[in-house]
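Note that ligands are numbered from 1 as they come in the structure, with each ligand's atoms numbered from 1 the same way. Side chains included, hydrogens not; waters and symmetry mates left out as well; all remaining heavy atoms used.
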Amino acid sequence: MQLLEDYEGYVADREQALAGLRRYENEATALEIEQSNDAVHFLYIDKITEAASTFLSGFPGTCLYAAKANPHPALLRLLWAAGVRHFEVASIREIENLLVVLPLAQLYFMHPVKSRQAINRAYGLGVRHFAFDSLDELRKIKQETGHAEDLSLLLRLSVSQAGAAYPLDNKFGATLMEAPLLLTHARQIAHKVGVTFHVGSQCLEVDAYANAIWNIANMLEGCGVKIDMIDVGGGFPVSYPDMEPVPLQDYFDAIQKAVEECGFQDIDLFCEPGRALVAKGGAVAVRVEMRRGQSLYLNDGTYGSLFDAGQLGWSFPIELYRAGRLQSCDEVSSFQLYGPTCDSIDKMKERLDLPDDVCEGDWIIFRHLGAYGYAMQTKFNGFYSETMVAIESATQNP
Ligand SMILES: *Cc1c(COP(=O)(O)O)cnc(C)c1O
């Protein structure tokens, strides 16, 4: 586990990590004082720190944060203050933004299909870990890094997505059949060679990681190729109203067991959580602008931070705030929620239960939305929110 003592420099502790972010005791006070016209994003200091320490102390290797889940600078600094030093990135813009916020961060460029400019610039900025899943990409990496001799190259493999609530569909990744040839070529140009995979996001199947590790071990044994690194990717789950995963430690234990049984205990092990590091550390409050019968019109929607709720019908813990107070939900009824843009797909796929008397001016808080909420907002139609505030203690909800 990396401790705060290694932390060199420009952010002394989490107080400074949050500099520039307004901080409130609780959500009610925040909403009352902010008087925001846009949705309000909450960052829960303790929950971020807690999730980071779960990974840093429990995962039997190095933990990378997958920056796409939520790249807000305050969140990145908070993770850093909690001890996270390694970050998974997929684009040159993610790299540049990260280095502005955390100049000493170790970056891993894990998109298997990168532009030549992106590879070249990333190498120039000090990135040495790159993913690939084809000979074409290997050639690009070789040429754009000027035949560098200090590369760590990770072959992205496609693995079963069967345990994932949000499968990534194997858009990327070489097959196990293709792997020996690709690894052999990588070995010729790389300082270190490894494999990486992603079991799909919100993976509820503990054994998915171990199964992938076993398949890789069998493939390597069959072809006699050796590797220096294994990266088990992201996909670690968090709880949502209709998904209650087993504790993360069970996942870590299963991974460690597979690593040992496959004889990988001496190679570098990485994981790349996005969702599991930050989902519970965030929430978004959206305001009801109009009620018409059982329809509610909101100031945020599927083009904003509610893509997963809207398009996927994913359910989040929700609560209603009125005039700075939490409303009790004695009498509930179901409502169709609409986002603010003029597009007809800007609505929630499923109806949501809310207090019967919900009305204009009420705020609906969607919890466990620290991942893939703020990060996925578009500016379509002029509706989006840069209002992020820190909350000292979440009023409720584990
Ligand atoms: C999105 C992504 C992650 C993070 O996935 P989560 O399911 O949020 O943990 C990690 N690695 C890669 C390569 C990704 O694309």
Using the side chain to side chain contact (heavy atoms under 4.5 Å, CB included) rule, pick out the option among Leu21, Ile391, Val389 that qualifies with Leu43.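 The option that passes is Leu21.
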
For Ala276, state whether at least one heavy atom is located under 4.0 Å from any atom of ligand 1.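 No; Ala276 lies far enough from ligand 1 that no heavy-atom distance drops under 4.0 Å.
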
Expected output: side-chain Tyr372 to main-chain Gly274 donor-acceptor under 3.5 Å: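 Side chain of Tyr372 to backbone of Gly274: no pair is present.
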
Of the side chain and backbone of Pro273, name the one, both, or neither that has a heavy atom under 4.0 Å from an atom of ligand 1.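 Pro273 to ligand 1: backbone contact only, side chain stays beyond 4.0 Å.
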
Check each of Lys171, Gln202, Glu88, His111 against atom 13 (C) of ligand 1 and report the one with the nearest heavy atom.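 Result: the heavy atom closest to atom 13 (C) of ligand 1 is in Glu88.
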
Stepwise side-chain contact (heavy atoms from CB on, under 4.5 Å) check, Leu306 with Leu369: CA-CA 9 Å; Leu306 299 177; Leu369 199 55; 3.8 Å; yes

Under a single-linkage definition using a 4.5 Å side-chain heavy-atom cutoff for Ile, Leu, Val, Met, Phe, Trp and Tyr, are Phe130 and Leu138 assigned to the same hydrophobic cluster?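 Same hydrophobic cluster.
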
Option from Asn381, Thr341, Asp343 for which side chain to side chain donor-acceptor pair (under 3.5 Å) with Tyr303 holds: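 The single option meeting the side chain to side chain donor-acceptor pair (under 3.5 Å) with Tyr303 is Asp343.
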
Any N/O pair Gly235/ligand 1 closer than 3.5 Å: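 Gly235 vs ligand 1: N/O contact under 3.5 Å present.
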
Which atoms of ligand 1 sit under 4.0 Å from any heavy atom of Arg156?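 Result: 13 (C).
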
Donor-acceptor side-chain pairing of Tyr44 and Glu27 below 3.5 angstrom: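 Judged by distance alone, the side chains do pair up.
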
Shortest protein heavy-atom distance from atom 12 (C) of ligand 1, along with the residue and atom involved: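 Scanning the protein heavy atoms, the shortest distance from atom 12 (C) of ligand 1 goes to Glu272 OE1, 3.4 Å.
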
Enumerated ligand 1 atoms positioned under 4.0 Å from heavy atoms of Ala66: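 The list of qualifying atoms is 3 (C), 4 (C), 10 (C).
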
Numbering as shown, the atoms of ligand 1 that approach Gly274 to under 4.0 Å (heavy-atom distance):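 Selected atoms, number and element: 4 (C), 6 (P), 8 (O), 9 (O).
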
Within the 4.0 Å heavy-atom shell around Ser201, which atoms of ligand 1 are there?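 Once the distances to Ser201 are compared, the set is 6 (P), 7 (O), 8 (O).
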
N/O to N/O below 3.5 Å, does that happen between Arg275 and ligand 1?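 Yes, at least one N or O pair falls under 3.5 Å.
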
So if I apply the side chain to side chain contact (heavy atoms under 4.5 Å, CB included) rule between Ser385 and each of Asp38, Asn37, Asp300, which one comes out positive?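 Only one of Asp38, Asn37, Asp300 forms a side chain to side chain contact (heavy atoms under 4.5 Å, CB included) with Ser385, namely Asp38.
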
For atom 5 (O) of ligand 1, what is the closest protein heavy atom, and at what distance to 0.1 Å?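 Looking only at protein heavy atoms, the one closest to atom 5 (O) of ligand 1 is His198 NE2, 2.9 Å.
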
Within the side chain of Arg322, is there an N or O that forms a donor-acceptor pair under 3.5 Å with the backbone of Trp363?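 Looks like no, no N/O pair under 3.5 Å.
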
Heavy atom under 4.0 Å from ligand 1: found in Tyr372's side chain, backbone, both, or neither?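 For Tyr372, only side-chain atoms sit under 4.0 Å from ligand 1.
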
Work out which heavy atom in Ser315 is nearest to a heavy atom in Pro241; give both atom names and the distance.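 What the structure gives for the nearest pair is O-CD, 3.0 Å.
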
Just need the protein heavy atom nearest to atom 1 (C) of ligand 1, so name the residue and atom and give the distance.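 Checked against all protein heavy atoms, atom 1 (C) of ligand 1 sits closest to Lys68 NZ, 1.3 Å.
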
